[in-house]
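Report on the following structure.
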Amino acid sequence: MFDARLRTLIDPPLEMLGSRLARSGVTANQITMVGFGFAIAAAGAIAWAAPLFGLLFVLLNRLCDGLDGAVARVNGKTDLGGYLDIVFDFFFYGGVPIAFAFADPGRNALPAAALLFSFYANGSAFLAYAIMAEKQGLETDKQGSKSLYYLGGLAEGGETIALFCLMCLWPAGFPVLAYSFAAVCVLSAGARVIIAVRTLRETPG
């Protein structure tokens, strides 16, 4: 919901740093892989009951997620880069909740399952629409330059990262945070389905 607004704040410094990295020979895929390493480290730290270290790795992962796109816009976007970016993002989004479940199965397993279900619903509504949008030739740049059509929603990347940060700072509150955000994600998925039905009904296919 807030991603488009955040882009106006974070894009300029990312573009500047990304240009410097591109000129130095760093590739977008290299940054994506480093970011994935930070994602694994974040999940591992959280699972081993070290959420503050997890928070650090979460933030480093998000930095890489912004930088790989900035570098790609200088060197040229590729299908492989876009694929790795979205797939590793989803690995990351799934890894953090399951890590909290491992850290405290008794308290966190069920709310983590609810949160993962909501991510699954929201993600499938997002990705399925992206496929249809590509087929229909639809385009948008509201979320910046992306490798696939980005259908906005109530729960997007910015809100999810804010949630993960709050969970790391307040691990005892994981159940209430997970259930609350799961409800938001389900609403977001429903809204995306409604938008997709209305849009695709009006286009030939």
Side-chain angles (χ1 to χ4, degrees), residues 1 3 29 31-66 68-69 80-131 143 146-148 150-171 173-193:
M1 184 168 60
D3 280 17
N29 288 350
I31 297 175
T32 300
M33 295 302 298
V34 171
F36 182 55
F38 286 135
I40 295 173
I46 293 167
W48 283 93
L52 293 182
F53 282 107
L55 173 60
L56 172 62
F57 291 125
V58 164
L59 296 175
L60 289 172
N61 169 270
R62 290 299 89 190
L63 175 61
C64 290
D65 186 64
D68 61 5
L80 174 60
Y83 173 81
L84 292 176
D85 184 57
I86 190 67
V87 168
F88 287 162
D89 272 353
F90 274 80
F91 286 177
F92 168 67
Y93 292 144
V96 171
I98 201 67
F100 276 101
F102 274 107
D104 191 345
R107 285 174 50 86
N108 294 345
L110 189 56
L115 185 59
L116 289 171
F117 164 77
S118 73
F119 284 174
Y120 184 90
N122 206 19
S124 62
F126 167 79
L127 291 175
Y129 187 82
I131 295 171
Q143 308 290 340
K146 302 288 186 180
S147 295
L148 73 171
Y150 198 104
L151 178 63
L154 295 175
E156 299 176 352
E159 290 83 4
T160 305
I161 299 310
L163 171 76
F164 288 171
C165 290
L166 186 55
M167 287 174 169
C168 290
L169 292 171
W170 184 36
F174 177 83
V176 65
L177 293 172
Y179 282 130
S180 298
F181 200 73
V184 174
C185 284
V186 169
L187 288 175
S188 184
R192 280 173 163 163
V193 170

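Here the structure is a predicted model, which means the values were calculated and not measured. Excluded from the calculations below are hydrogen atoms, water molecules and symmetry mates; all remaining heavy atoms, backbone and side chain alike, are included.
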Taking side chain to side chain contact (heavy atoms under 4.5 Å, CB included) as the test, write out the residues that go with Pro111, two or more places apart. Phe174, Pro175, Ala178, Tyr179
For atom CZ of Phe117, decide whether the heavy atoms of other residues, nucleotides or ligands shown that lie under 6.0 angstrom number more than 12. no
Phe36 vs Phe88 aromatic rings, parallel, tilted or perpendicular, using cut-offs 30° and 60°? parallel
Nearest heavy-atom pair of Asn108 and Ala101: which atoms, and what distance? CB-CA, 3.9 Å
Among all residues two or more places apart in sequence or in another chain, which pass the side chain to side chain contact (heavy atoms under 4.5 Å, CB included) test with Cys168? Ile46, Pro51, Leu55, Phe100
Could you pull out the closest heavy-atom pair between Ala103 and Pro105, with the gap in Å? C-CD, 3.9 Å
Non-hydrogen atoms of Asn61 and Gly35 that approach each other most closely: ND2-O, 2.7 Å
Value rounded to 0.5 Å, distance of CG in Leu56 from CZ in Phe38: 8.0 Å
Would you give the length of the straight line joining atom CG of Leu177 to atom CG of Leu115, rounded to the nearest 0.5 angstrom? 9.5 Å
Is there side-chain contact between Tyr93 and Phe164, with heavy atoms separated by less than 4.5 Å? yes
Using side chain to side chain donor-acceptor pair (under 3.5 Å) as the criterion, list what pairs up with Asp85, not counting sequence neighbours. none
Can Ile40 and Phe57 be said to form a side-chain contact (heavy atoms from CB on, under 4.5 Å), step by step? CA-CA 9 Å; Ile40 295 173; Phe57 291 125; over 6 Å; no
Ser118 meets the side chain to side chain donor-acceptor pair (under 3.5 Å) criterion, sequence neighbours left out, with none
Looking at every non-hydrogen atom in both residues, tell me the closest pair between Gly54 and Ala42 and how far apart they are. O-CB, 3.7 Å
Salt bridge (Lys or Arg N to Asp or Glu O under 4.0 Å) contacts touching residues 48-66 (sequence neighbours left out): Arg62-Asp65, Arg62-Asp89
One should read off an interatomic distance between Asn122 CG and Leu127 CG, to the nearest 0.5 angstrom, of 10.0 Å
Distance col, row Cys185:SG vs Tyr120:OH, nearest 0.5 angstrom, shows 15.0 Å
Apply side-chain contact (heavy atoms from CB on, under 4.5 Å) to the pair Ile161 and Phe92, showing each step before the final yes or no. CA-CA 10 Å; Ile161 299 310; Phe92 168 67; 3.6 Å; yes
Between CG on residue Leu84 and CZ on residue Phe91, distance to nearest 0.5 Å: 9.5 Å
When every non-hydrogen atom of Ala125 is compared with those of Val193, the smallest separation belongs to CB-CG2, 4.2 Å
Can you pull the salt bridge (Lys or Arg N to Asp or Glu O under 4.0 Å) pairs that have at least one residue in residues 108-123, sequence neighbours excluded? none
